[in-house]
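Because the structure is a prediction, the values reported are computed rather than measured. Ligands are counted one by one from 1 in listed order, and the atoms in each one are counted from 1 as well. The analysis underlying the following values was restricted to heavy atoms, covering all of them including side chains, and did not include hydrogens, waters or symmetry mates.
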Amino acid sequence: MTIIHNLGFPRIGAQRELKFGLEAFWRGEASAEQLNILSTWLREQHWQLQSTLDYVPVGDFSLYDQVLDMSFTLGHLPERVQGLPGSELDQYFRVARGRSAGDSTGVAAGEMTKWFDTNYHYIVPEFTAATQFKLNPQRLVQQLTQARAQGVNPKPVIIGPVTYLALGKAKDESNKLALLERLLPVYAQLLDTLAAEGVEWVQVDEPILVTELDADWQHALNTAYHQLKSCKVKILLASYFGPLLDNKYLAANLPVAGLHVDATHDAGDVQQLIGLLPAHKVLSLGVISGRNIWKTDLSATLDWLEPLAERLGERLWLAPSCSLLHVPVDLDSEEKLDPEVKNWLAFAKQKLHELHVLGQALNQGRASVQAALAANAAALEQRRTSPRVHRPEVQAAVAAITAALGQRQSPYAVRAQQQAAHLRLPAYPTTTIGSFPQTPDIRRARSDFKAGRIGTAEYQAAMQAEIARSVREQEALGLDVLVHGEAERNDMVEYFGEQLEGYAFSQFGWVQSYGSRCVKPPILFGDIARPQAMTVEWIAYAQSLTAKPMKGMLTGPVTILNWSFVRDDQPRATTCKQLALAIRQEVLDLEKAGVRVIQIDEAALREGLPLRKSQWHSYLDWAIESFRISANGVQDSTQIHTHMCYSEFNDIIAAIADMDADVITIETSRSDMELLDAFEHFHYPNEIGPGVYDIHSPNIPTQAHIVQLMQKAAQRIPAERLWVNPDCGLKTRQWGEVIPALQAMVAAAQELRAAA
Ligand code: GLN
Ligand code: ZN
């Protein structure tokens, strides 16, 4: 009998019930008891949906974040909240968000960072040499009781000790790994507590097994599982988000009862692992992708599973590749999705159904699920042959790409002269990153338009009025390069996706990003075509209102790719190049319309980096090439800008320079220009605008502070190549904050010019 199980279920709710419940609680409009009723109900719903599984995950539900939950289970809270009044829930939200529901003043929220290579963000555990742990198993035990009462077979899920340490940050000079010795007894206690509750299997997640591990971390894994070996539960050690590669031998031989691996990447890697696996161990294969929204090819999966099932017998388990946290809940709620595209998709609920079909096919023969297999094969065949997916002219254009396409006519030094003659900008030119405040009026006009309450003409007039306002404000401020303000954009990816062919949009395809925040990535299903210009009308209108240069704003191909659900039937590199060709057409149309400064945002370039450093090179190769294809068809006198919102630059600075943008604007203000350290050894060749104030904060920067930051920048980069700008777009701010902040910024630039 092949066992089927799941690693984790999305907790936000099919209609984002958890989001709304949390936000009502934070506003003080719902009680802790109401929040508890809601989360109990959600867990019940989710277990109900998983009730055909042999084991269901317990403890995967979280009010904010599973890493934060683990910190609480380990009795590990940052020092700054220790001893503050209130319940455990108050403390929990203080660490998560800086305040609990009743607080009038806050504490610093825990730092947040990306969960491996997903778009989910966790709260970083904070370690010092003095960190102590103390078991607090209540949450898990209660959820276990609740699951039992519902009649499902529970498998508690926890984050493993080594991954937990790897995810955290030492706040002093201490070595995190030294804490392992203190941490392991608490894990042992936890496992024994679960054993006493009658638990048979515990899923212990160690996704760091798919990353590059040095000898110390390998040793830590060995130490940890040798020490936990005597606990009275069976451990299913779970790795996911990629193949094990050089960690196979280590993973196969850790003394645990079972191992789960992501089997969606590299079948050869799995075969080799099976050869290494001791004969008593359970092997759980993650054969259904928990990272995309496509149907699995069930027959092809069975083709390679059947001989394995024969060989492994009882030892074979099946599951999704990782927790389903990273996919939307239920495709059935989608009423507006094109039926043809919808038939190619599977969200969490549908993926569990696929798992069920696979399990039954292995246990009772394919004939027992013949109808399901036939329907699956028909859907896949339709996708494989659909003219909506395959456009020969787009494929031909990608095949015809040559290096020349990504090459500017002249080197930067020549271009810079032509641009200077053309744009006549002062030293320390000022600009912004693109968006101005998205006011309630803008949102109202957009939703009225979408709902058909106002017509196209009325909507256009409303957006033009907003653009005119932005231009007026920027002229009054005395900025040098203006922007139209992006009033018409709901989102920097969705806006372009809506106008490109090859994209579909869900109504409820939400995925948790952090806490109560969700994103709804558009679905890129087919070859990309741009039927008509997407931005020219708005930007040309803005340019018509001013004699100053207007910067045209676009989202770059790599960012569009990284923030979409993309197809799995061709390499990401190919999809990215298709996007690059579409953006290139837009760039050239803008240039033709007289727009001579064009910014192509690559906010998400860094987050596409593979988990293993050894694979960075190949990603950066096609990512940078895609950017170059999109940007570099313009004339020398047209100035290309790009923007990135992060400051960890050092390790990819050469690739960024290779983009050959004339100007790059980056986030730096929060790190006090720390980023510029990257330029100590690397001579960045082109112009750069290090963000001088943090747009995420309502604080108004002072002129003196901005001058000081720019002077710091000028120590690393020649002043004639520096720009002055905020560190990101201003859409989340209010005009009342934006005006004084930009006044200080412009005044600072004037002071710098006068001093030069
Ligand atoms: N141009 C975009 C804006 O100003 C950039 C947003 C971003 O970097 N995330 O909003
Ligand atoms: Zn940004």
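- The residues lining ligand 1, counting any heavy atom closer than 4.0 Å, are I433, G434, S435, E486, M492, D601, A603, H643, C645, C728, G729, K731.
- Judged by the 6.0 Å distance and 45° axis criteria, R291 is positioned over the aromatic ring of F241.
- No close placement of the Y428 and W723 rings is indicated, their centers lying 6.0 Å or farther apart.
- The number of protein N/O/S atoms found under 2.8 Å from the Zn ion (ligand 2) is 3.
- A donor-acceptor contact shorter than 3.5 Å is absent between the side chain of R628 and the backbone of M659.
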Walk me through it: do R753 and D480 pass the test salt bridge (charged side-chain N to carboxylate O under 4.0 Å, His left out)?
-> CA-CA 13 Å; R753 284 169 206 158; D480 300 307; 2.9 Å; yes

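- Between F565 and H326, the distance from one ring center to the other does not fall under 6.0 angstrom.
- Every residue two or more places apart in sequence or in another chain that forms a ring pair (Phe, Tyr, Trp, His ring centres under 6.0 Å) with Y619 is listed here: W622.
- Residues L554 and I598 share a closest heavy-atom pair of CD1-CG2, 4.1 Å.
- Partners of E501 according to the side-chain hydrogen bond (donor to acceptor under 3.5 Å, both in side chains) rule, which considers only residues two or more places apart in sequence or in another chain, are R391.
- The side-chain tip of R489 points at the ring of Y495 from less than 6.0 angstrom away and within 45° of straight on.
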